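Inspection log for the structure reproduced underneath, given as structure tokens.
Note that this is a predicted model, so its numbers are computed, not measured. Counting starts at 1 for both ligands and their atoms, in listed order.
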Amino acid sequence: MRLKELGMTKEDIKRLVNKYMIDTYERFDMVAETAKDMYLYDADGDKYLDFYAGIAVNSAGSCNEKVVAAVIDQVQDVIHTFNYPYTIPQALLAEKICTTIGMDKIFFQNSGTEANEAMIKMARKYGAEKYGNGRCDIVTAKMGFHGRSFGSMSATGQPDNACQQGFGDMVPGFQYADYNDLESFKAASTDKTIAIMIEPIQGEGGVYPADMEFMKGLRKFCDKEGLLLLLDEVQTGWCRTGAVMCYMNYGIKPDIVSMAKAMGGGMPIGAICTTEEISKTFSMGSHGTTYGGNPVCCAAALAQIEELLDRDLAKNAQNMGEYFKSLLKTLPHVKEVRGAGLLIGVEFDETINAADVKHGCFDRKLIITAIGSNVIRMVPPLIVTEADCGKAYEIIKETVNLQLTNCG
Ligand code: PLP
């Protein structure tokens, strides 16, 4: 839809949104009318360099041509059916994902939080069936983020965060341990524990990657104690961190992995993958979804994953990530530049306000975001070039310098 064709203005759209939509989002002063590759276009024609990619979603570029073609093609054949008939896109996508990441089985969902719900449910049922009902607890990391439905919220170790505050009791059966502290996870595990669940890089928590020793230690501990290792790769999956899945950077394999975001190229889809043995936990009727595995979303995801793999965008993520980080480290008042591949956080000292940097960048036509008071986060499309990184760096530098000038 375009404003001109509708005879409407940007102000009309903002007015309708403000009048009718429940207000949970901070808004940029733009109406994203079109998007292509690295750019988002405002309805008034302004062009924004997009280093946020719809929160790590548009990894093969916004409106990637192959994804668009796959959607148009599929939408004319079958938009939706229920999950009793086999569908062609589901079958091809299931094979592509399982064979690419070396997993036996997949279950399709619609989003990251739903994928995590499925992962949590599977682990709990697995524990109950194997060891009796008392063994359903899951240890997760403080400052993690797993989504906004009740199971995922409860797995999120941030009791003071607005995403948990005021919603009443969380789902029981979760304990929280310190990220990157193996001893803390061991201490939080009891004879009721069935699984450990973490993000390989805490994204919303401030861009903290798991240490190699910690990740390998968790895998060993889970093997020794008969626990499942659950990895939430909703944000890190599908090439963002320089490997197809982030766990591959650690030379380990989870028992169940969740994924979403980048896999769909902008269409809503998520999934869990696991082993043959664990997959049997979900028997007929024990889990299901109306839309999960929707043919249009699966066709889009197949095209997106082929693009990511055929163009070796994991390698580009690795190379551009290193290059961009080397630039970002030279910014004034930087405490730390963190992340892997193209999931990057820059922590400033107290002099610099991250939200102001975000807004300053937006004013200069660069889209990034902020976490807390001192961290900016960037997750650009994986097609990003050195020139794009250089441009983004110059805008961030100008914004930071302006802040320094203004505060004297
Ligand atoms: N898990 C992680 C690690 C995430 O970063 C997110 C979203 O940012 C989610 C889960 C939730 O995904 P969704 O917003 O698709 O439900």
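- Salt bridge K125/E129: present, at least one basic N to carboxylate O contact under 4.0 Å.
- For the pair D255 and R219, the salt-bridge criterion is met [side-chain N within less than 4.0 Å of a carboxylate O].
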List, for ligand 1, each N/O atom that has a protein N/O partner under 3.5 Å away, with both atom names and the distance.
from	atom 1	to	atom 2	distance (Å)
ligand 1	1 (N)	D232	OD1	3.3
ligand 1	1 (N)	D232	OD2	2.7
ligand 1	5 (O)	Q235	NE2	2.9
ligand 1	8 (O)	K261	NZ	3.1
ligand 1	15 (O)	G112	N	2.8
ligand 1	16 (O)	T113	N	2.8

Tell me, with the steps shown, if M30 and I367 meet side chain to side chain contact (heavy atoms under 4.5 Å, CB included). CA-CA 11 Å; M30 80 180 303; I367 297 177; 4.2 Å; yes

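- Every residue was checked against the ring pair (Phe, Tyr, Trp, His ring centres under 6.0 Å) condition with Y247, not counting sequence neighbours, and none meets it.
- With respect to E183 and K186, a salt bridge is recorded, a charged nitrogen being found less than 4.0 Å from a carboxylate O.
- In this structure, H333 has its ring center no closer than 6.0 Å to that of F348.
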